[in-house]
Participant: 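Attaching a single structure in structure tokens format; questions to follow.
We use all heavy atoms of the structure for the numbers below, so side chains are in, but hydrogens, waters and symmetry mates are not. A note on names: the letters A, B, ... follow the listed sequences, proteins ahead of strands, and every chain is numbered from 1.
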There are 2 protein chains.
Amino acid sequence: MSITNSTLQEIFSATSFSIAESNLITSKFELKKLKKGDTLLHANEIVYNQYYVSSGCLRTYYIDKLGKEHTLQFAIKDWWISDYTAFFSTTKAVMTIECIHDAIVYKISRETMENLYSEIPKLETFFRKKMEKGFSAFQKRILATLSQTAKERYVSFVHSYPNIEQSVKNYHIASYLGITTESLSRIRKEISK
Amino acid sequence: MSITNSTLQEIFSATSFSIAESNLITSKFELKKLKKGDTLLHANEIVYNQYYVSSGCLRTYYIDKLGKEHTLQFAIKDWWISDYTAFFSTTKAVMTIECIHDAIVYKISRETMENLYSEIPKLETFFRKKMEKGFSAFQKRILATLSQTAKERYVSFVHSYPNIEQSVKNYHIASYLGITTESLSRIRKEISK
DNA sequence: ATTGTTTATTACCATACATCAATTTTCTTG
DNA sequence: CAAGAAAATTGATGTATGGTAATAAACAAT
């Protein structure tokens with residue numbers, strides 16, 4: 001229950017806090033260790049928390065009515081993860097979060113976040129900017145799905161996220177790109193020629 | 001140059017400001033009237049501004065290397081519009097914003113926004129929450145593209161945005177859904193049976 | 001190392017959606 | 001309301017990606 005000051009530095013690198021602020025913030029985060037295969041968040045559960053990923057790898061995925069998995073997001077060091085649609089409104093998760101590689105994450109609730117925001121405005125600024133980045137990333141992804149072929153999207157994924165590409169299964173990547181693992185396999189073969 | 005207090009109310013409905021705050025904010029917005037067919041933002045232009053839509057209808061679209069248009073977003077009354085990826089980093093627009101129906105918008109620059117945020121924290125809260133909603137909406141759209149057929153996405157679009165559906169061309173909707181206008185036509189035929 | 005299990009590949013056929021070209025319908029504007 | 005322009009529809013055919021099933025390769029565990 002609670003994290004260290006150096007962890008605080010890790011999470012909010014560019015931001016500087018007073019001692020009082022630091023103490024307040026560190027007291028609110030909770031460390032969690034995850035093993036490969038663990039489920040951090042189950043679909044249908046009410047989402048109270050978001051998580052900062054300090055190490056390891058996780059993914060958020062959605063299971064559709066046919067039972068197929070669709071990966072919305074991967075998260076490695078220095079990424080935040082949750083089912084954000086549910087998190088922002090404290091409603092039930094549509095997605096599941098799974099640990100792909102043993103991980104260390106720091107957990108914080110939305111209620112706590114909102115309270116911290118009013119006490120420490122620069123924390124709100126920090127997260128507003130995070131959100132702007134995330135919004136941007138999603139926008140780019142939508143444009144990519146609209147305008148590119150599966151092959152182009154794969155190439156650009158490998159290029160943009162070399163660290164992730166190495167540490168996840170091909171079928172995870174396929175479900176992120178919106179294609180089957182067989183199609184991805186064919187694409188990889190073509191590229192390797 | 002500058003808007004009225006009642007317009008301020010319109011934009012920030014749920015939020016209340018002191019007189020000084022109101023005056024400060026209203027002085028920063030600039031009214032702009034647009035005619036159908038006008039371009040509010042050109043691709044390749046540096047993006048300094050975002051716009052609140054008071055009336056009318058606009059859309060943001062991307063032209064790919066083959067010359068095809070892909071609609072990222074529509075905006076009607078009470079929506080905000082810009083090329084946000086470019087706006088957040090004050091870089092060149094990738095997209096174009098076109099007026100689809102005569103519109104009235106209020107313009108404000110990012111620099112002004114950032115200054116207002118530090119003076120009026122609740123304004124930052126307002127936009128953080130807007131951003132959370134937008135992030136959520138994009139997330140849902142990505143999940144929909146990953147897991148649904150074109151027909152399902154069309155039905156859900158019509159259901160979610162009845163006001164937009166009425167006021168835009170079918171080929172706009174097609175380019176938003178990521179299909180051709182011919183395919184959309186076939187889908188509509190099937191549904192009408 | 002051997003065996004079992006998970007993941008990736010390959011082949012063959014199916015399907016959703018795209019493309020192209022023509023036609024019809026709807027909207028504009030004098 | 002007539003004539004032209006823009007948008008939507010339809011038909012015929014093409015293509016990217018999906019589905020199924022079998023096989024091969026990679027990984028894990030004893």
Participant: Mind checking what makes ring pair (Phe, Tyr, Trp, His ring centres under 6.0 Å) contact with B:Y48, not counting sequence neighbours?
Facilitator: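 Counting only residues at least two positions away or on another chain, B:Y48 forms no ring pair (Phe, Tyr, Trp, His ring centres under 6.0 Å).
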Participant: Tell me every residue that passes side-chain contact (heavy atoms from CB on, under 4.5 Å) with A:K68, counting only those two or more places apart in sequence or in another chain.
Facilitator: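 Applying side-chain contact (heavy atoms from CB on, under 4.5 Å) to A:K68 gives A:D64, A:L66, A:H70.
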Participant: Only counting residues at least two apart or in another chain, list the ones meeting side chain to side chain donor-acceptor pair (under 3.5 Å) with A:Q166.
Facilitator: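 Residues passing side chain to side chain donor-acceptor pair (under 3.5 Å) with A:Q166: none at all.
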Participant: Just the rounded figure in Å: distance from P of C:dC17 to NZ of B:K68.
Facilitator: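 One finds 15 Å between P of C:dC17 and NZ of B:K68, rounded.
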Participant: Show me, pair by pair, the donor-acceptor contacts under 3.5 angstrom made by side chains of residues 123-134 of chain B, not counting sequence neighbours?
Facilitator:
{"residue": "B:E124", "atom": "OE1", "partner": "A:T125", "partner atom": "OG1", "Å": "3.1"}
{"residue": "B:E124", "atom": "OE2", "partner": "A:T125", "partner atom": "OG1", "Å": "3.0"}
{"residue": "B:E124", "atom": "OE2", "partner": "A:R128", "partner atom": "NE", "Å": "2.6"}
{"residue": "B:E124", "atom": "OE2", "partner": "A:R128", "partner atom": "NH2", "Å": "3.2"}
{"residue": "B:T125", "atom": "OG1", "partner": "A:E124", "partner atom": "OE1", "Å": "3.1"}
{"residue": "B:T125", "atom": "OG1", "partner": "A:E124", "partner atom": "OE2", "Å": "3.0"}
{"residue": "B:T125", "atom": "OG1", "partner": "B:P121", "partner atom": "O", "Å": "3.3"}
{"residue": "B:R128", "atom": "NE", "partner": "A:E124", "partner atom": "OE2", "Å": "2.6"}
{"residue": "B:R128", "atom": "NH1", "partner": "A:E114", "partner atom": "OE2", "Å": "3.2"}
{"residue": "B:R128", "atom": "NH1", "partner": "B:E132", "partner atom": "OE2", "Å": "2.8"}
{"residue": "B:R128", "atom": "NH2", "partner": "A:E114", "partner atom": "OE1", "Å": "3.0"}
{"residue": "B:R128", "atom": "NH2", "partner": "A:E124", "partner atom": "OE2", "Å": "3.2"}

Participant: Can you build the contact string for nucleotides 23-30 of chain C? Use B for base contact, S for sugar-phosphate-only contact, and - for no protein heavy atom under 4.0 Å.
Facilitator: -----S--
Participant: So do the side chains of B:L34 and B:L58 get within less than 4.5 Å of each other, counting heavy atoms only?
Facilitator: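 In contact.
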Participant: I need the residues from residues 146-162 of chain A with at least one non-hydrogen atom less than 4.0 Å from DNA chain C; give them sorted by number, or say none.
Facilitator: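 Close to the strand, none.
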Participant: Who passes side chain to side chain donor-acceptor pair (under 3.5 Å) against A:N5, sequence neighbours left out?
Facilitator: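 Expected list: none.
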Participant: Only counting residues at least two apart or in another chain, list the ones meeting side chain to side chain donor-acceptor pair (under 3.5 Å) with A:D102.
Facilitator: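 Expected list: A:K35.
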Participant: With side chains defined as the heavy atoms from C-beta onward, is the minimum distance between A:T15 and A:K122 less than 4.5 Å?
Facilitator: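 They are in side-chain contact.
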Participant: Reading DNA chain D from 5' to 3', where do the contacts with chain B start and stop? Cut-off is 4.0 Å to heavy atoms.
Facilitator: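 The protein-touched segment is D:dA7 to D:dA12.
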Participant: Indicate the ring-plane relationship of B:Y106 and B:F29, choosing parallel, tilted or perpendicular according to the 30° and 60° boundaries.
Facilitator: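 Judged by the thresholds at 30° and 60°, the geometry between B:Y106 and B:F29 is perpendicular.
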Participant: For B:Y61, what are the other residues in its hydrophobic cluster, where any two members join if their side-chain heavy atoms are less than 4.5 angstrom apart?
Facilitator: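 Members alongside B:Y61: B:I63.
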Participant: Among residues 175-192 of chain A, which contact DNA chain C at a heavy-atom distance under 4.0 Å?
Facilitator: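 When residues 175-192 of chain A is checked for heavy atoms under 4.0 Å from DNA chain C, the hits, listed by number, are A:T181, A:E182, A:S185, A:R186, A:R188, A:K189.
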Participant: Can you establish whether the number of heavy atoms outside B:E111 located under 6.0 Å from its atom CD is more than 12?
Facilitator: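 Open: at most 12 neighbouring heavy atoms sit under 6.0 Å from CD of B:E111.
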Participant: Does anything in residues 128-158 of chain A form a ring-ring contact (aromatic ring centres under 6.0 Å, His included)? List the pairs, not counting sequence neighbours.
Facilitator: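 Residue pairs passing ring-ring contact (aromatic ring centres under 6.0 Å, His included), neighbours aside: A:F135-B:Y84, A:F135-B:F138, A:F138-B:F135, A:F157-A:Y161, A:F157-A:Y176.
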